[in-house]
Amino acid sequence: QVRLVESGGGSVQAGGSLKLSCVASGSIADRNCMGWFRQFPGMERDGVATMLMTSSFRGRTNYTDSVKGRFTISQDNAGNTLYLQMNSLKPEDTAIYYCATGRNWVGCTSGSWRPGYWGQGTQVTVSS
């Protein structure tokens, strides 16, 4: 069983930065793709950034258009901690952010990936 524990959320003023962390445990075989999703009130979770953790394309990333150039997804050398560096934050980035992973990696770098495991979520609030 995979377990994901997020940290790093909080409140920041517009233009500020936050760095989210996600510590993963469990079978590496169940973590072929990892990523960050966010959920706005009353909406479904949408992908923010993903990273392929397997295959010859390991490390390939994908970002939703609204965060390109502002957010960066990365991992530690062991591949057990996923990060999301968020710069130039905007009020519209306010959401609950979830770490996700899964054995399935189809669509991991094209924006159509469906995770199998989720973290508990961490709130990010950006004030104007």
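Note that the coordinates shown come from a computational prediction; the quantities given were computed from them, not determined experimentally. Computed over heavy atoms, backbone and side chain alike; hydrogens, waters and symmetry mates excluded.
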Closest non-hydrogen contact found for Met34 with Gly79 is SD-O, 4.4 Å
Any Trp36 side-chain heavy atom under 4.5 Å of Thr50 side chain: no
Can you label the angle between the Phe37 ring and the Trp118 ring as parallel, tilted or perpendicular, going by 30° and 60°? perpendicular
Is a side-chain N or O of Arg70 found less than 3.5 angstrom from the main chain of Ser66, in a donor-acceptor match? yes
Let me confirm one number: the OH-OG distance from Tyr83 to Ser74, rounded to the nearest 0.5 Å. 7.0 Å
Could you check Leu82, Thr122, Val23 and say which one makes a side-chain contact (heavy atoms from CB on, under 4.5 Å) with Cys99? Leu82
Clusters formed by hydrophobic residues whose side-chain heavy atoms approach within less than 4.5 Å: which one holds Met43, and what are its other members? Phe40
Would you please test Met53 and Arg58 for side chain to side chain contact (heavy atoms under 4.5 Å, CB included) and show each step? CA-CA 5 Å; Met53 308 296 283; Arg58 180 186 176 93; 4.2 Å; yes
How far does CG of Asn87 sit from OG1 of Thr72, to the nearest 0.5 angstrom? 6.5 Å
Apply side chain to side chain contact (heavy atoms under 4.5 Å, CB included) to residues Thr94 and Val124 and explain how you reach the verdict. CA-CA 5 Å; Thr94 296; Val124 171; 5.9 Å; no
Measure across Ser88 and Ser17 and return the closest heavy-atom pair with its distance rounded to 0.1 Å. N-OG, 4.4 Å
Between the CD atom in Gln123 and the CD atom in Gln39, the distance rounded to the nearest 0.5 Å is 10.5 Å
Are the side chains of Lys19 and Gln85 in touch, meaning some heavy atoms are under 4.5 Å apart? yes
Is there a path of hydrophobic side-chain contacts, each under 4.5 Å between heavy atoms, that joins Ile96 and Leu20? no
In Å, rounded to the nearest 0.5 Å, how long is the span from OG of Ser25 to CG of Asn80? 8.5 Å
Indicate if Trp105 and Met51 have the same hydrophobic cluster label, given that clusters are the connected sets of ILVMFWY residues with side-chain heavy-atom separations under 4.5 angstrom. no
Determine whether Gln13 and Leu89 satisfy the following criterion, side chain to side chain contact (heavy atoms under 4.5 Å, CB included), listing intermediate values before the conclusion. CA-CA 8 Å; Gln13 288 192 326; Leu89 281 161; over 6 Å; no
Thr101 vs Leu4, side chain to side chain contact (heavy atoms under 4.5 Å, CB included): CA-CA, chis, key distance, verdict: CA-CA 8 Å; Thr101 192; Leu4 303 171; 3.9 Å; yes
In terms of the angle between their ring planes, are Tyr97 and Phe71 parallel, tilted or perpendicular, with boundaries placed at 30° and 60°? tilted
When you measure from the side chain of Gln120 to the backbone of Glu6, do you find a donor-acceptor pair of N or O atoms at a distance under 3.5 Å? yes
Taking the six-membered ring of Tyr98 as reference, does the cationic atom of Arg45 (NZ for Lys, CZ for Arg) lie under 6.0 Å from its centre and within 45° of its axis? yes
Asp30 meets the salt bridge (Lys or Arg N to Asp or Glu O under 4.0 Å) criterion, sequence neighbours left out, with Arg103
Is there a path of hydrophobic side-chain contacts, each under 4.5 Å between heavy atoms of I/L/V/M/F/W/Y residues, joining Val67 to Ile73? yes
Decide, yes or no, whether a salt bridge links Lys90 with Asp93 under the criterion of side-chain N to carboxylate O below 4.0 Å. no
In this structure, CZ of Arg114 is separated from CG of Asn104 (nearest 0.5 Å) by 10.0 Å
Straight-line distance of Asn62 CG to Thr109 OG1, nearest 0.5 Å: 6.5 Å
Among residues two or more places apart or on two chains, list those pairs meeting salt bridge (charged side-chain N to carboxylate O under 4.0 Å, His left out) that have a residue in residues 116-128. none
Same hydrophobic cluster for Val126 and Val48, using side-chain heavy-atom links shorter than 4.5 Å among ILVMFWY? yes
